[in-house]
Amino acid sequence: MDFNSFGLHPDLLRGVAELGFTRPTPIQEQALPAGLAGRDLLAAAQTGSGKTAAFLLPILQRLMGKPRGKTRALVLTPTRELAAQIHEHLEALAKYTPLTGAAVFGGVGMGPQETAFRRGADVIIATPGRLLDHFQNAYAKLDALEVLVLDEADRMLDMGFLPDIRRVLRHLPTQRQTLFFSATMPAPIVELSRDMLRSPEAINIERKQAPAKGVAQALYPVSEELKAHLFLELLKRGEIGNVIVFTRTKHRANRLSDFLEKHGVPNARIHGNRSQAQRTEALAGFKSGRFRVLVATDIVARGIDVEALEHVVNFDVPHLPEDYIHRVGRTARAEATGDAYTFVSPEEEKDLRAIERQVGKQIPRRIVEGFDYRKKPAERFEVPIQERIAEIRARKAEERARANAKAE
Ligand code: AMP
């Protein structure tokens with residue numbers, strides 16, 4: 001399935017393509033048809049699933065061609081960072097349309113936000129507290145509102161925002177489309193969703209994934225030759241979101257990056273052979289969300305600091321336990337939750353045992369149901385160094401022979 005099948009406006013498809021999205025994620029595949037049809041949604045989906053585009057695209061599609069100057073969509077989100085991130089995502093998706101958004105959150109001046117209300121920004125992305133502050137003023141009317149998104153509802157609950165949400169709702173038209181997103185569905189969230197939604201389409205993407213706090217570590221036993229395929233499978237299933245994947249060597253980093261490229265996964269690579277400019281660009285692209293995957297070698301592991309990183313994948317078991325611990329520490333900063341997955345081939349079991357001793361526990365092992373562990377890949381993943389050198393020599397010899405032939 002690709003993005004062309006949803007009937008999206010060509011100008012939105014251009015934005016999607018420019019972000020490097022080739023295939024919809026599972027949440028997008030399921031949420032887009034109902035969202036575009038104007039239905040309410042109740043979606044259990046985590047950050048990293050692609051949920052932002054899943055709610056922004058139906059909003060933008062609905063607003064295309066409508067008279068402007070009125071705020072027709074509101075996205076409620078728990079934190080400033082998320083509001084800023086969603087705003088950025090919206091500007092990227094809407095790049096080839098006249099539609100614009102405005103982020104409304106605390107800690108910055110009210111003035112520019114007041115202007116956004118007065119000129120009727122098409123979409124307002126707001127945290128509840130600051131929005132309520134604006135509602136005290138006559139300029140902050142959302143009478144023309146057509147779509148409301150509640151993002152990360154369970155986090156709103158954790159942060160004590162539910163009373164604020166109910167207060168915000170009193171300022172909004174009741175005739176509207178509501179898109180409700182939450183990673184988990186505790187009872188108060190279910191109750192809130194019942195009050196807010198009308199015969200919603202229910203989507204549950206990550207039912208199996210427990211709401212882990214802190215870093216969840218897991219091992220994926222897999223043969224050397226199938227590691228790249230397994231990685232691709234986990235990406236496709238949405239089981240890994242934005243991810244740094246570490247390989248043992250530069251060659252392996254290049255091979256993995258090429259493999260992902262071939263399978264339509266936007267990615268960047270950083271390792272010792274890349275210039276500082278290339279590294280900076282790769283990291284910036286990853287942080288901004290342009291690439292979902294950053295392929296890196298051990299060398300650069302310590303220089304990377306990415307906020308809200310969801311996953312680290314050790315494509316190879318690190319030789320040193322310290323490296324493992326350091327890398328796993330990249331995820332789950334602050335209150336963000338992160339996962340650290342390690343692919344283990346039979347040859348790497350020994351290094352793994354040293355790590356488990358250091359961590360002081362056995363790391364759980366996971367088998368990916370439905371993945372063909374006996375598959376014989378058409379191509380070898382790693383070309384042995386001797387063969388690579390022989391190939392380079394042969395190429396050089398050929399070039400020399402050609403140059404000589406020309407000179408004669
Ligand atoms: P979200 O869960 O919306 O925060 O998205 C997580 C990350 O996935 C963001 O960096 C998005 O840019 C990226 N993303 C969303 N949809 C897709 C897609 N269809 N293909 C590739 N990357 C995507």
Side-chain angles (χ1 to χ4, degrees), residues 1-6 8 12-33 35 41 43-60 75 77-79 81-95 101 103 123 125 149-155 179-184 203 205-206 209 231-245 257 260-268 282-295 306-311 313 331 336-339:
M1 188 179 240
D2 65 28
F3 279 97
N4 291 318
S5 51
F6 300 111
L8 288 167
L12 288 175
L13 285 175
R14 277 181 78 191
V16 168
E18 201 166 298
L19 277 169
F21 300 177
T22 45
R23 239 183 268 164
T25 63
I27 180 81
Q28 290 162 359
E29 212 166 277
Q30 293 185 44
L32 285 175
L41 274 184
Q46 320 242 353
T47 301
S49 58
K51 65 187 168 70
T52 316
F55 62 72
L56 287 179
L57 284 170
I59 290 176
L60 294 170
V75 179
T77 185
T79 66
E81 289 72 24
L82 255 172
Q85 203 175 300
I86 294 167
H87 183 209
E88 225 173 83
H89 206 125
L90 182 143
E91 296 297 338
L93 286 171
K95 182 167 169 192
V123 183
I125 302 130
V149 177
L150 191 62
D151 190 28
E152 308 227 342
D154 52 353
R155 229 163 129 199
L179 311 175
F180 193 110
F181 287 78
S182 193
T184 57
I203 297 171
I205 291 297
E206 278 151 327
Q209 200 166 324
F231 184 64
L232 186 66
E233 182 72 25
L234 292 175
L235 281 174
K236 272 198 202 148
R237 292 186 185 196
E239 288 189 36
I240 38 188
N242 65 331
V243 57
I244 295 191
V245 53
S257 175
L260 293 173
E261 196 69 46
K262 207 168 93 186
H263 289 87
V265 180
N267 72 88
L283 201 54
F286 180 68
K287 281 189 181 175
S288 72
R290 194 148 45 91
F291 310 114
R292 192 176 156 197
V293 180
L294 186 65
V295 185
V306 180
E307 262 182 75
L309 182 60
E310 283 144 18
H311 291 96
V313 168
T331 71
T337 306
D339 290 322

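Fair warning: this is a prediction, and the values are worked out from it, not measured in the lab. Computed over heavy atoms, backbone and side chain alike; hydrogens, waters and symmetry mates excluded. Ligands are counted one by one from 1 in listed order, and the atoms in each one are counted from 1 as well.
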Checklist line | Side chain, backbone, both or neither: Q28 near ligand 1, heavy atoms under 4.0 Å | finding: side chain

Item checked: S182 side-chain N/O to A44 backbone N/O, donor-acceptor pair under 3.5 Å -> no

Notebook entry, point to check: Relative to the heavy atoms of T25, which atoms of ligand 1 are at a distance of less than 4.0 Å?
Noted result: 16 (N), 17 (C), 18 (C), 19 (N)

Item checked: Per-atom contacts, ligand 1 versus T52 - under 4.0 Å to a heavy atom -> 1 (P), 3 (O), 4 (O)

Margin query: Between H87 (side chain only) and G101 (backbone N and O only), is there a donor and an acceptor less than 3.5 Å apart?
Written below: yes

Next item on the list: Could you tell me which atoms of ligand 1, counted from 1 in the order shown, lie closer than 4.0 angstrom to a heavy atom of G50?
Entry: 1 (P), 2 (O), 3 (O), 5 (O), 15 (C)

Check: If you measure from each heavy atom of S49 to ligand 1, is any distance below 4.0 Å?
Finding: yes

Checklist line | side chain to side chain donor-acceptor pair (under 3.5 Å) partners for K236, two or more places apart | finding: none

Notebook entry, point to check: With the threshold set at 4.0 Å, does a side-chain nitrogen-carboxylate oxygen contact exist between E152 and K51?
Noted result: yes

Checklist line | Any V293 side-chain heavy atom under 4.5 Å of F286 side chain | finding: no

Next item on the list: Please name all residues satisfying ring-ring contact (aromatic ring centres under 6.0 Å, His included) with F55, sequence neighbours left out, ordered by chain then number.
Entry: F181

Checklist line | CA sep, side-chain torsions, deciding dist, call: K95, E91, salt bridge (Lys or Arg N to Asp or Glu O under 4.0 Å) | finding: CA-CA 6 Å; K95 182 167 169 192; E91 296 297 338; over 6 Å; no

Notebook entry, point to check: Which ligand 1 atoms, with their elements, are less than 4.0 angstrom from a heavy-atom of R23?
Noted result: 18 (C), 19 (N), 20 (N)

Checklist line | Proximity to ligand 1 by part of F3, non-hydrogen separation under 4.0 Å | finding: side chain

Notebook entry, point to check: Hey, is N242 one of the residues with a heavy atom under 4.0 angstrom from ligand 1?
Noted result: no

Item checked: Proximal ligand 1 atoms for G289, defined as those under 4.0 Å from one of its heavy atoms -> 10 (O), 12 (O)

Next item on the list: Just go through F55, F21, F291 and tell me whose heavy atom is the nearest to atom 22 (N) of ligand 1.
Entry: F21

Next item on the list: Verify, without hydrogens or angle tests, whether T52 (side chain) and I86 (backbone) share a donor-acceptor contact under 3.5 angstrom.
Entry: no

Next item on the list: State the atoms of ligand 1, each with its element, that fall below the 4.0 Å cut-off from a heavy-atom position in R292.
Entry: 22 (N)

